[in-house]
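All heavy atoms count here, side chains included; hydrogens, waters and symmetry mates do not. Convention: sequence-line order gives letters A, B, ...; per-chain numbering from 1.
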Amino acid sequence: MANHVYIDHIGEHVGETVTIKGWLANRRSSGKIHFLLVRDGTGFLQVVMGRNDVGDETFTRADHLGQESAIIVTGQVRADQRARGGYELVASGLEVVAAAHDFPITPKEHGVDYLMDRRHLWIRAERQTAILRVRHEVINAIRDFLNGEGFTLADTPIFTPAACEGTTTLFPVQYFDDNTAYLTQSGQLYNEANAMALGKVYCFGPTFRAEKSKTRRHLTEFWMVEPEMAYADLDDVIGLAERLVCSVVGRVLDRREKELKVLERDTSTLASVQSPFPRLHYDEAAKILLERGLPFQVGGDLGGTDETVLSERYDRPVCVTHYPAAVKAFYMKPDPNQPDRALCVDVLAPEGYGEIIGGGQRVDDYDLLVARIKEHGLPMEAFEWYLDLRRYGSVPHGGFGMGVERCVSWLCGLEHVRETIPYPRMLYRLYP
RNA sequence: UCCUCGGUAGCUCAAUGGCAGAGCAUCCGGCUGUUAACCGGAGGGUUGCUGGUUCGAGUCCAGCCCGAGGAGCCA
């Protein structure tokens, strides 16, 4: 067998006889010549098979191959403008590893429900593999950026003993005989403890929300990276968020041009994502929304439409700060100059994608934190360990959480976050 | 949980209350440069479920099931 090569490196082997190991994505024929579109996980390649070149037996076998049959093809690599990608393989041999018949996802159109029921097969599609590669790049870019800034990965537990923040609905799970654990909604509280140990830390893992949200921005299981810094204020947090977003966008533009092209993403809007991001005080945001005639309640949180309207005003992400403390989590530090406001920031992605980051500075005063826990009606005993962080060397600190799927959805220009993760978990979807 | 829309062949969709249709997929045949190839032929149906109105229901009515979009909630 000739040298096995992957399709993404096929251009380095022009003139050589090589072997491609993959699956049949599509097949066309004109009687004495077959065009087999083969994919191998790294790309798609057109294989040209002439009856006279391979003989009747091989040619006839290729004639009846179904979509997604596993095949190993040997042939000579040739540059040819008529082939997509610019290269094709002139077949001299074909081995059928496993024939497939009636693959359910044809090159024609399908509905979302149909595709989602077959998600394990749908991810073979060129568009889906492009999205998943962008996701991979985003995750690596995040890790590389934070590691490069001196952050230490310190993961937080997924089983948690009680409602962390008291604001969201949690998934309960049986924990041995008589205990109930809850799937984490945020590593936030543990992250603060880790920051007091390691200075600059992050956790990066799955997060679970049991809200019955039914929109294009929500999953019940999603991935979130949460950096947290000791000795940091709101400006430090915003600066970190800006650098992180710019780094991730730049990295994807640099290394995933091919995938973005498959997705027909207009990259000019991504190229303008540069520091600094515009900053918008909550009061200014409220003024803009009211001037637009939106039914916005001053003092309340921003709704999906509000976020869209605000983010569409800029060519880069916008940082909205100083939300009313009442709509934010209990651990958000109040602004000393405006105590009813929180030292917090939400970063809204442009083009209507909305919130991708939420964070801020944390309450570092023991008495205030105790008061906040009481105000929110949270059980004090569950937070004793958290209060220890204010008893023993409390310092100003802060951080944020960034949703991976929302980032990927924005970078890929998708309509819905459900395509940004291999197996999305949603209100009405737990299979496959 | 609420609002809106949808469910007809394997898929995507048509069908004034009056014979159940097309394209693709599948199978058979044709074609040596196709790009979601094309051309000819064949097979393929409990119209989501239950009940009702009607001479007659895919179509109208009621309830239910499933899904999508949005709202709320949230990241």
Side-chain angles (χ1 to χ4, degrees), chain A residues 25-37 44-54 59 63-64 66-68 78 80-86 88 90 100-118 122 125-127 165-170 184-188 206-226 295 297 300-308 327-329 344 346-349 353-359 400-407 409-410 415-418 426-429 431:
Chain A
N26 200 5
R27 176 171 51 81
R28 292 179 283 275
S29 178
S30 4
K32 293 194 177 61
I33 183 167
H34 290 318
F35 296 95
L36 308 178
L37 186 62
F44 290 72
L45 179 69
Q46 172 165 285
V47 173
V48 186
M49 180 182 286
R51 182 186 284 274
N52 297 336
D53 299 328
V54 297
F59 192 83
D63 207 11
H64 293 278
Q67 189 187 343
E68 288 303 315
R78 181 168 73 186
D80 193 313
Q81 286 309 308
R82 290 173 294 187
R84 55 182 276 200
E88 63 184 17
V90 183
H101 301 286
D102 300 316
F103 188 71
I105 301 173
T106 65
K108 293 285 175 181
E109 292 168 14
H110 299 284
V112 171
D113 190 36
Y114 181 85
L115 290 168
M116 276 298 172
D117 281 344
R118 294 157 184 80
W122 186 23
E126 184 174 28
R127 191 181 154 76
E165 305 184 12
T167 54
T168 56
T169 316
L170 305 173
T184 181
Q185 56 165 323
S186 164
Q188 168 59 34
T207 302
F208 307 88
R209 303 280 167 95
E211 272 102 23
K212 295 191 172 178
S213 297
K214 194 166 158 33
T215 80
R216 67 189 63 207
R217 294 204 269 259
H218 289 86
L219 297 172
T220 54
E221 175 183 324
F222 65 99
W223 285 66
M224 184 159 70
V225 60
E226 297 176 90
Q297 295 282 325
D301 207 350
L302 300 179
T305 311
D306 303 324
E307 287 186 2
T308 301
V327 303
K328 289 292 176 183
C344 66
D346 278 9
V347 179
L348 311 182
Y353 278 91
E355 182 177 356
I356 53 171
I357 283 177
F400 59 83
M402 182 169 84
V404 167
E405 288 75 18
R406 287 186 177 179
C407 270
S409 182
W410 164 46
E415 291 291 315
H416 200 299
V417 293
R418 65 188 159 210
M426 293 177 288
L427 181 52
Y428 296 120
R429 196 162 290 284
Y431 177 94

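- At the heavy-atom level, Gln67(A) lies nowhere under 4.0 Å from the strands shown.
- When the options Ile356(A), Ile357(A), Val417(A) are evaluated for a side chain to side chain contact (heavy atoms under 4.5 Å, CB included) with Cys407(A), the one that passes is Ile356(A).
- Take Arg429(A) and apply the salt bridge (Lys or Arg N to Asp or Glu O under 4.0 Å) test, not counting sequence neighbours, and it matches Asp113(A), Asp117(A).
- Arg406(A) is listed as a side-chain neighbour of His218(A), based on a closest heavy-atom distance under 4.5 Å.
- Checked for salt-bridge contact, Lys328(A) and Asp346(A) meet the test: a charged N lies under 4.0 Å from a carboxylate O.
- The main-chain N or O of Gly304(A) is found under 3.5 Å from a side-chain atom of Thr308(A) such that the two form a donor-acceptor pair.
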Listed pairs, N/O of protein and of nucleotides 6-11 of chain B, under 3.5 Å:
| unit_1 | atom_1 | unit_2 | atom_2 | d |
| --- | --- | --- | --- | --- |
| C11(B) | O2' | Glu109(A) | O | 3.0 |
| C11(B) | O2' | His110(A) | ND1 | 2.7 |

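- Here NE2 of His101(A) is found 14.0 Å from CZ of Phe103(A). Values are rounded to the nearest 0.5 Å.
- Across all strands shown, Arg127(A) has no heavy atoms under 4.0 Å from either base or sugar-phosphate atoms.
- With rounding to whole Å, Gln46(A) atom CD is found 11 Å from A36(B) atom P.
- Under the rule for a side chain to side chain contact (heavy atoms under 4.5 Å, CB included), Gln297(A) has no partner lying at least two apart in sequence or in another chain.
- When the C1' atom of C74(B) is taken as reference, atom CD of Gln188(A) falls 16 Å away, rounded to whole Å.
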Under the side chain to side chain contact (heavy atoms under 4.5 Å, CB included) rule, what do Phe35(A) and Val47(A) come out as? Steps first, then yes or no, please. CA-CA 6 Å; Phe35(A) 296 95; Val47(A) 173; over 6 Å; no
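- Comparing Asp102(A) and Val48(A) by the nucleotide of RNA chain B whose heavy atom lies nearest to each, the residue mapping closer to the 5' end is Asp102(A).
- Nucleotides U53(B) and U1(B) place their C1' atoms 33 Å apart, quoted to the nearest Å.
- A distance cut-off of 5.5 Å between ring centres, combined with a plane angle under 30°, places Phe222(A) in a stacking arrangement with the base of A75(B).
- The salt bridge (Lys or Arg N to Asp or Glu O under 4.0 Å) test applied to Asp306(A) returns no partner, not counting sequence neighbours.
- Going from the C1' atom of C2(B) to that of U46(B) covers 34 Å, rounded to whole Å.
- Comparing the same atom, C1', in C64(B) and in C27(B) gives a spacing of 40 Å after rounding to whole Å.
- Counting any heavy atom pair closer than 4.0 Å across all strands shown, Asp301(A) reaches no nucleic acid atom.
- Distance CD1 (Ile357(A)) to C1' (C74(B)): 17 Å, rounded to an integer number of Å.
- The phosphate of C73(B) (OP1 or OP2) has no side-chain N or O of Lys212(A) nearer than 4.0 angstrom.
- Scanning for ring-ring contact (aromatic ring centres under 6.0 Å, His included) contacts around His34(A) gives Phe59(A), with sequence neighbours left out.
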Which atoms of nucleotides 40-49 of chain B (N or O only) lie under 3.5 Å from a protein N or O atom, and what are those distances?
none

Table of protein N/O atoms under 3.5 Å from nucleotides 67-69 of chain B N/O atoms:
| unit_1 | atom_1 | unit_2 | atom_2 | d |
| --- | --- | --- | --- | --- |
| G67(B) | OP1 | Tyr428(A) | O | 3.3 |
| A68(B) | O3' | Arg418(A) | NH1 | 3.4 |
| G69(B) | OP1 | His416(A) | NE2 | 3.4 |
| G69(B) | OP1 | Arg418(A) | NH1 | 2.6 |
| G69(B) | OP1 | Arg418(A) | NH2 | 3.1 |
| G69(B) | O3' | Arg216(A) | NH2 | 2.7 |

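- Residue Glu211(A) has its side chain nearest to C74(B) when only G33(B), A75(B), C74(B) are considered.
- Nucleotides G48(B) and G43(B) place their P atoms 25 Å apart, quoted to the nearest Å.
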If a pair means Watson-Crick or G-U wobble with both distances below 3.5 Å, what does RNA chain B look like in dot-bracket form, with | marking bases paired to a different strand? (((((((..((((....[..)))).(((((.......))))).....(((((..]....))))))))))))....
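- Going from the C1' atom of G63(B) to that of G21(B) covers 31 Å, rounded to whole Å.
- Residue Ser213(A) places its side chain closer to C73(B) than to any other of A36(B), C73(B), U34(B).
- Note that the OG atom of Ser213(A) and the CE atom of Met426(A) stand 12.5 Å from one another [nearest 0.5 Å].
- One C1' atom belongs to G52(B), the other to C11(B), and the distance between them is 33 Å to the nearest Å.
- Regarding Leu427(A), its CG atom lies at a distance of 12 Å from the C1' atom of C73(B), rounded to whole Å.
- The CG atom of Leu348(A) sits 16 Å away from the P atom of C74(B) (whole-angstrom rounding).
- Looking at heavy-atom distances under 4.0 Å, Glu307(A) makes no contact with the nucleic acid at all.
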Pull out every protein N or O sitting under 3.5 Å from an N or O of nucleotides 28-32 of chain B, one pair per line with the distance.
| unit_1 | atom_1 | unit_2 | atom_2 | d |
| --- | --- | --- | --- | --- |
| C31(B) | N3 | Gly31(A) | N | 3.2 |
| C31(B) | N4 | Gly31(A) | N | 3.4 |
| U32(B) | OP2 | Ser30(A) | O | 3.3 |
| U32(B) | OP2 | Lys32(A) | N | 3.4 |
| U32(B) | O4 | Asn52(A) | ND2 | 2.2 |

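- Residue Arg217(A) contributes atom CZ, which lies 13 Å from atom P of C73(B) at whole-angstrom precision.
- Not counting sequence neighbours, the partners of Thr207(A) by the side chain to side chain contact (heavy atoms under 4.5 Å, CB included) test are Arg209(A), Phe222(A), Met224(A).
- Judged by distance alone with a 3.5 Å cut-off, no donor-acceptor contact links the side chain of Gln81(A) to the base of G33(B).
- As rounded to whole Å, 13 Å separates atom P of C73(B) from atom NZ of Lys328(A).
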Could you check Val112(A) against Arg418(A) for side chain to side chain contact (heavy atoms under 4.5 Å, CB included), going step by step and ending with a plain yes or no? CA-CA 10 Å; Val112(A) 171; Arg418(A) 65 188 159 210; 3.5 Å; yes
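- Of the inter-residue distances, the one linking Leu170(A) atom CG with Gln185(A) atom CD reads 5.0 Å to the nearest 0.5 angstrom.
- By the salt bridge (Lys or Arg N to Asp or Glu O under 4.0 Å) test, Arg78(A) is found to be paired with Glu88(A), residues two or more places apart in sequence or in another chain being considered.
- Take Asp80(A) and apply the salt bridge (Lys or Arg N to Asp or Glu O under 4.0 Å) test, not counting sequence neighbours, and it matches Arg82(A).
- Atom P of C19(B) sits at a distance of 35 Å from the matching atom of C28(B), rounded to the whole Å.
- Comparing the C1' positions of U4(B) and G51(B) gives an interatomic distance of 26 Å, to the nearest angstrom.
- Between Arg406(A) and A75(B), a side-chain N or O to OP1/OP2 separation shorter than 4.0 Å is absent.
- For the 3.5 Å distance criterion, the side chains of Ser186(A) and Glu226(A) qualify, holding a donor opposite an acceptor.
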